[in-house]
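The structure appears below as structure tokens.
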Amino acid sequence: MFTDEPSLPIRVCLQSEEAALQRVRDVVRARARGEETAVQTVVSFTSMQALLEVLSPRRAQLLDSVKAQGAYESIEALARALGRPRSAVSRDVRRLAGVGLLQLSNQPLSGHGRRCAVRVPPRRVRFELDL
């Protein structure tokens, strides 16, 4: 089930793999010294091209639709609203959920089967692009 409780903000940025690993190492070392560190959710991409592959025009349209609607009871309902094949929308939804930009909730149906509700998570997303 969805919760309206705000979760941690997500930071989306461009960053090399080495820089991302160094950030993690710094946090681990600080915690090992007993220092408190801020909890962060960071999604980093190694290039602008990698970021744009995830946030393609079709996926941006999908995000806009979910945000405007508030939520969809199923991926099938979202696909109908977008006029796109369910399988393509399902792939896009799962990719966006994988980076924290959508929230999914599996709900069992009476009898058999399940449906996957979709919504924008209750969090702030901050994009940082150093070009």
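As the structure is a prediction and not an experimental result, all values here were calculated from the model. Atom set for the values below is all heavy atoms of this structure, side chains included, hydrogens, waters and symmetry mates excluded.
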Worked check of side chain to side chain contact (heavy atoms under 4.5 Å, CB included) between Leu55 and Val99: CA-CA 10 Å; Leu55 290 176; Val99 297; over 6 Å; no
When rounded to the nearest 0.5 angstrom, what is the spacing between [atom1] in [X] and [atom2] in [Y]?
X	Y	atom1	atom2	result
Leu62	Leu96	CG	CG	6.0 Å
Asp26	Glu35	CG	CD	10.5 Å
Ser47	Glu53	OG	CD	7.0 Å
Ser90	Leu104	OG	CG	9.0 Å

Which heavy atom of [X] sits nearest to which heavy atom of [Y], and what is that distance?
X	Y	answer
Arg119	Ala71	CB-CB, 3.7 Å
Leu78	Ser65	CD1-OG, 4.0 Å
Ala81	Tyr72	CB-OH, 3.6 Å

Thr46/Glu17 under side chain to side chain contact (heavy atoms under 4.5 Å, CB included): CA gap, chis, key distance, verdict: CA-CA 7 Å; Thr46 57; Glu17 285 183 47; 3.9 Å; yes
Close side-chain approach of [X] to [Y], heavy-atom, < 4.5 Å:
X	Y	value
Val120	Leu101	no
Ser44	Leu14	no
Arg86	Val89	no
Val66	Val93	no

Between Gln61 and Arg58, a side-chain donor and acceptor under 3.5 Å: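 No, no side-chain donor-acceptor contact under 3.5 Å.
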Is the number of heavy atoms from other residues, nucleotides or ligands under 6.0 Å of [X] [atom1] greater than 12?
X	atom1	value
Arg25	CZ	yes
Arg23	CZ	yes
Gln49	CD	no

Members besides Val24 in its Ile/Leu/Val/Met/Phe/Trp/Tyr cluster (side-chain heavy atoms under 4.5 Å):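 Answer for Val24: Val28.
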Same cluster for [X] and [Y] if Ile/Leu/Val/Met/Phe/Trp/Tyr side chains link at under 4.5 Å?
X	Y	answer
Val54	Phe127	yes
Val42	Phe45	no
Val43	Leu21	no
Leu102	Leu52	yes

Pair Val27-Arg31, side chain to side chain contact (heavy atoms under 4.5 Å, CB included): steps then yes or no: CA-CA 6 Å; Val27 169; Arg31 289 186 181 174; 3.7 Å; yes
Set of side-chain hydrogen bond (donor to acceptor under 3.5 Å, both in side chains) partners for Arg84, sequence neighbours left out: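 Partners of Arg84 by the side-chain hydrogen bond (donor to acceptor under 3.5 Å, both in side chains) criterion, ordered by chain and then number, come out as Asp92.
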Of all pairs that satisfy salt bridge (charged side-chain N to carboxylate O under 4.0 Å, His left out), the ones with a partner from residues 63-77, not counting sequence neighbours: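 Checked against salt bridge (charged side-chain N to carboxylate O under 4.0 Å, His left out) - neighbours excluded - the pairs reaching residues 63-77 are Glu76-Arg80.
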